[in-house]
Amino acid sequence: MKDKVLMKGNEAIAEAAIMAGCRHYFGYPITPQTEVAAYMAKRMPKIGGTFLQAESEISAVNMVIGAAAAGVRAMTSSSSPGISLKSEGLSYMAGCELPALIVNVQRGGPGLGGIQPSQSDYFQATRGGGHGDYHMLVLAPGSVQEMADMTVKGFELAETYRMPCMLLADGTMGQMMEPVVLDVDDVKTVAKPWAVTGTKCEREHNVVNSLSLVPEELEKWNLARYERYAYIEENETRAEEFMTDDADIIVVAFGIAARVSKNAVVAARKEGVKVGLIRPISLWPFPKKNLARAAEHAKHFISVELSMGQMIEDVELAIRCSRPVSLVKRVGGVIPSPEEVLEAIKKVQL
Amino acid sequence: MAATQILFAGFGGQGILFSGKFLAYEGLLEDRQVSWLPSYGPEMRGGTANCSVILSDDPIGSPIVSYPDILIAMNLPSYDKYEPAVNNDGFAFVDSSLIHREAKRDDIRTIYVPATQLADDNGLQGLANMVMVGKVIKETNIIPFENIDRALEKVISARHQNLAEANRKALALGYGL
């Protein structure tokens, strides 16, 4: 058992990435994720890795594409406005079938917005962000420990399915400190026979490319990609359920919103309200089955978000609108209080 | 749930985040659940700074402290803002060398500590925060005083360990009041 240490979420991501074998980090500073870059700048030179602060986010994401194409574990991190700039690169990564880890420590938007926590990049993350038919794997950690664990898992998943994986956190998760155990002994690596590493005149050329001018060919690529997505939806959903077994009301929330909601659920239970929490950990694929199962006994759902109501659409789809879904929201960097969530729970007429 | 919610609030530069980190580390070393959440951004550079610390025996839900059991106020704006939020039967520790008003509430315990003055008088400039923490430990027993050394060792980076002694003195000064 390794020691428990007190770390910021952002630092835990950086150290976990290094322990997972990432030696290539490309970034550009932006609050509230700058500690990821700062940590990498300190550590990478000492372990023979590369830390590179690019001249822009666009440049940084394209460096990740280059490194990933060469078959190494590469990552970048940013916050909301920076992720918008990186979205072109994310689409190219999906098109080229390249694995990499992208961290988004969200802040309020749109535009430059503010620097306080937000979850309003949910649509951007779960729908792809860039152009074209594609998805990223999207993981939403709910603690500093999960920031570390999901970083390791994210690299593994990205390489297993040859696609970008996004760690979707927020300013609170990035800035807060909690005890964390960095125990990354058995890192799973995936063979990359497709990597462009030079043929040494011993094999055919590998080609990493997203361009296909023959419509039928491009259609085939997309269909194949979506077959893989269907497999992922079947096998890679992750969620935590808390007091859901006998629940009449189900609160759905991820990340910091789930932490706040858990307090409200505990308080409501003390008052005799049968309420439970489903915390999606994978946002894409969305844990539809957990929600559908809960809808067999629950009569009302509440989506708690730091956005104007984005995940609520996935909640409604997952239960096929068979139950009413209400929304608790705060935006612009404001975090809902447990009392606000509790009030919404108590307002439900069963 | 045996949880203590602590809010440190003051100006940027008063060591608000550091003293919060010290308590969080001490909780960690006792194998308790802890969380530490700073205010971040422009307010850190000379404006108001605050930080939420929770020590608990159970997993911590929200890391945000809206209603503290213990408030440590290091300037008037913070005291004005957070005094009404302190839980009934909670504590407010007030740096009375910087805050020149009496408590408005009589349902909480208000403890006046002229921490900045005391620190200055004892050659511990800049360590009013730790004088306050010493007094907090004395009044609330939130952590055992005899454990301060190991938390200091963790929270002060290796190249600044020469400052550990001054921190220890400041803690003892507050604890001895």
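Heavy-atom basis, side chains included; hydrogens, waters and symmetry copies ignored. Chain letters run A, B, ... following the sequence lines, proteins first, then strands; residues in each count from 1. Small disclaimer: the values here were computed from a predicted structure and weren't measured.
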query: Using non-hydrogen atoms only, which part of Lys154(B) is less than 4.5 Å away from chain A: side chain, backbone, both, or neither?
result: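 Answer is neither: Lys154(B) stays 4.5 Å or more from chain A.
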task: Under 4.5 Å heavy-atom distance to chain A, tell me which part of Ser35(B) shows up: side chain, backbone, both or neither.
output: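 Its backbone and side chain both get close to chain A.
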- prompt: Is any side-chain heavy atom of Ile60(B) less than 4.5 Å from a side-chain heavy atom of Arg259(A)?
  reply: yes
- prompt: Mind checking whether Ile256(A) and Pro63(B) have side chains closer than 4.5 Å, heavy atoms only?
  reply: yes
field: Heavy-atom contact with chain B under 4.5 Å, split by part of Ser261(A)
entry: neither
task: Answer with side chain, backbone, both or neither: which region of Pro117(A) has an atom nearer than 4.5 Å to a non-hydrogen atom of chain B?
output: both
Does atom [atom1] of [X] have more than 12 heavy-atom neighbours from other groups under 6.0 Å away?
X	atom1	value
Leu112(A)	CG	no
Glu343(A)	CD	no
Asp89(B)	CG	no
Lys81(B)	NZ	no

statement: Assert top hit (heavy-atom pairs under 4.5 Å, partner chain B, pool Lys8(A), Met176(A), Glu178(A)) equals Met176(A)
- prompt: About how many Å separate CD of Gln175(A) and SG of Cys51(B), when rounded to the nearest 0.5 Å?
  reply: 12.0 Å
field: Gap separating the CH2 atom of Trp36(B) from the CE atom of Met7(A), nearest 0.5 angstrom
entry: 13.0 Å
task: Select all residues of residues 100-111 of chain B having any heavy atom within less than 4.5 Å of some heavy atom of chain A, and report them by number, or 'none'.
output: none
- prompt: What are the two closest heavy atoms between Pro179(A) and Leu28(B), and how far apart are they?
  reply: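 The pair with the smallest heavy-atom distance is CB-CD1, 3.3 Å.
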